[in-house]
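This report refers to the structure that appears directly beneath it.
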Amino acid sequence: MNNKEYRSRIRRTVISEKELHEAIARAGAEIDAEYEGKPLLLVSILKGAFVFLADLSRAVSIPCEIGFMQAKSYFEGTTSSGKVNITLDLTQDISRYHVIIVEDIIDTGRTLKLVAAELQKRNPLSLKILTLLDKPSHRVVDLKADKSLFTIPDTFVIGYGLDCAEYYRNLPYIAEYDER
Ligand code: IMP
Ligand code: MG
């Protein structure tokens, strides 16, 4: 894609860098207060959540560990039952940790529901889901994040880790993508 085409698809800013920074600073302070003195593991599901995790982890000031997972899920048509294949797994034994799944966006919720069920089977001390963005109008499974920093309408967004065909993950803010 050439640079002119690339730029022209960024329709408008949905969440600015300043708004992201402020919300993440507050979320970090809440994690500090809730998990002080507890073994904490922040788990990011690649690739979309890598930018959020990088900033969130630096807004947390208590000791914590970081882990990465990648998962591919398979569903029959648009049904909500499916199988998840963990293509990159954690190195930690999570039964020794309080775990927070740090997600970029919950859309249908299908993949995250399967990943959360898989992690729950491993008996963590506790398991919570923190998502940067939530599109509740698109949900097809019963899944609610324990905390969501921004609720957005049903539009396709890019930036801050979120991609369109692998581009725009490095955009420092969240923008609406012009699908034309
Ligand atoms: P779902 O909740 O299982 O439908 O899938 C969520 C995943 O779909 C996210 O982790 C993103 O990778 C992707 N996704 C959903 N909505 C958007 C969007 O608006 N922009 C970019 N990626 C999205
Ligand atoms: Mg994702």
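Numbers for residues simply follow the sequence, beginning at 1.
- Two residues are said to be in side-chain contact when any heavy atoms from C-beta on lie closer than 4.5 Å; S8 and R180 meet this criterion.
- For E34, the side-chain hydrogen bond (donor to acceptor under 3.5 Å, both in side chains) partners two or more places apart in sequence, or in a different chain, are K128.
- Follow the hydrophobic side-chain contacts under 4.5 Å out from M69 and you reach L127 in the same cluster.
- The structure places CZ of R110 at 12.5 Å from NZ of K113, a figure rounded to the nearest 0.5 Å.
- Here the side chain of T13 pairs no donor or acceptor atom with the backbone of A175 at under 3.5 angstrom.
- Under the 4.5 Å side-chain heavy-atom criterion for ILVMFWY residues, no single connected hydrophobic cluster contains both I86 and Y74.
- With hydrogens and angles left out, the side-chain atoms of D154 and S137 include no donor and acceptor closer than 3.5 Å.
- For K4, there are no side-chain hydrogen bond (donor to acceptor under 3.5 Å, both in side chains) partners at least two apart in sequence or on another chain.
- Using a 4.5 Å cut-off on side-chain heavy atoms (C-beta onward), V51 and N170 make no contact.
- Considering CG of L132 and CD1 of I174, their distance stands at 5.5 Å, rounded to 0.5 Å.
- Using a 4.0 Å cut-off between charged side-chain N and carboxylate O, R122 and E118 make a salt bridge.
- Proximity of a side-chain donor or acceptor of S148 to a complementary backbone N or O of A145 within less than 3.5 Å is not detected.
- A salt bridge is defined here as a Lys NZ or Arg NE, NH1 or NH2 lying under 4.0 Å from an Asp or Glu carboxylate O, and R12 with D178 fails to meet this definition.
- Annotation: the span from K47 atom NZ to F68 atom CZ amounts to 13.5 Å, rounded to 0.5 Å.
- L119 approaches I94 most closely through the heavy-atom pair O-CD1, 3.4 Å.
- No chain of hydrophobic side-chain contacts below 4.5 Å, direct or via other Ile, Leu, Val, Met, Phe, Trp or Tyr residues, connects Y160 to I10.
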query = Would T108 and V141 count as a side chain to side chain contact (heavy atoms under 4.5 Å, CB included) if you check the C-alpha gap in whole Å, the side-chain angles of each, and the deciding distance to 0.1 Å?
reply = CA-CA 7 Å; T108 66; V141 295; over 6 Å; no

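- Side-chain contact between I101 and T131 is absent, with no heavy atoms from C-beta onward closer than 4.5 Å.
- Linking ILVMFWY residues whenever their side-chain heavy atoms come closer than 4.5 Å, directly or via other members, leaves Y167 and V14 in distinct clusters.
- Here the shortest heavy-atom pairing between D163 and A165 reads OD2-N, 3.6 Å.
- Counting heavy atoms from C-beta outward, D134 and L149 have side chains that stay 4.5 Å or more apart.
- Distance alone, capped at 3.5 Å, places no donor-acceptor pair between the R26 side chain and the E30 backbone.
- Salt bridge E179/R9: absent, no basic N to carboxylate O contact under 4.0 Å.
- Put simply, CG on N123 and OH on Y97 are 15.5 Å apart, with the number rounded to the nearest 0.5 Å.
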message = Is there a side chain to side chain contact (heavy atoms under 4.5 Å, CB included) between L20 and F52? Walk through the geometry before answering.
response = CA-CA 9 Å; L20 287 166; F52 179 38; over 6 Å; no

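- Annotation: N85, atom CG; neighbour count of heavy atoms from other residues, nucleotides and ligands within 6.0 Å is above 12.
- Between R169 and D104, no side-chain nitrogen of the basic residue sits less than 4.0 Å from a carboxylate oxygen of the acidic one, so the salt-bridge criterion is not met.
- Here the straight-line distance linking atom NZ of K72 with atom CG of L114 works out to 14.0 Å at 0.5 Å rounding.
- Taking all atoms of both residues into account, the shortest heavy-atom contact from Y177 to R11 is O-NH1, 4.2 Å.
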inquiry  = Is there a side chain to side chain contact (heavy atoms under 4.5 Å, CB included) between K135 and T155? Walk through the geometry before answering.
reply    = CA-CA 9 Å; K135 268 194 221 174; T155 51; 5.9 Å; no

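- Using a 4.5 Å heavy-atom threshold, the side chains of I129 and V102 count as separate.
- Of all heavy-atom pairs between V84 and A71, the closest is CG2-CB, 3.7 Å.
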request  = With ring pair (Phe, Tyr, Trp, His ring centres under 6.0 Å) as the test, would you mind laying out the steps for Y6 and Y168 before giving the verdict?
outcome  = CA-CA 9 Å; Y6 180 86; Y168 302 102; 4.3 Å; yes

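- When hydrophobic clusters are built by joining Ile, Leu, Val, Met, Phe, Trp and Tyr residues whose side-chain heavy atoms come closer than 4.5 Å, directly or via intermediates, F156 is not grouped with I152.
- Atoms CD and OG, on E22 and S16 in that order, are 7.5 Å from each other to the nearest 0.5 Å.
- When side chains are defined from C-beta on, R96 does not count as touching P39, because their heavy atoms never get closer than 4.5 Å.
- The nearest pair of heavy atoms linking S44 to L53 is CB-CD2, 3.5 Å.
- Test I15, D107, I106 against L133 for side-chain contact (heavy atoms from CB on, under 4.5 Å) and you get one pass: I15.
- Taking each heavy atom of V60 and G28 in turn, the nearest pair found is CG2-CA, 4.1 Å.
- Counting heavy atoms from C-beta on, the side chains of L125 and K38 never come closer than 4.5 Å.
- Under a 3.5 Å cut-off, the side chain of Q120 and the backbone N or O of S126 do not form any donor-acceptor pair.
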request  = Could you check E65 against L42 for side chain to side chain contact (heavy atoms under 4.5 Å, CB included), going step by step and ending with a plain yes or no?
outcome  = CA-CA 6 Å; E65 291 184 38; L42 302 177; over 6 Å; no

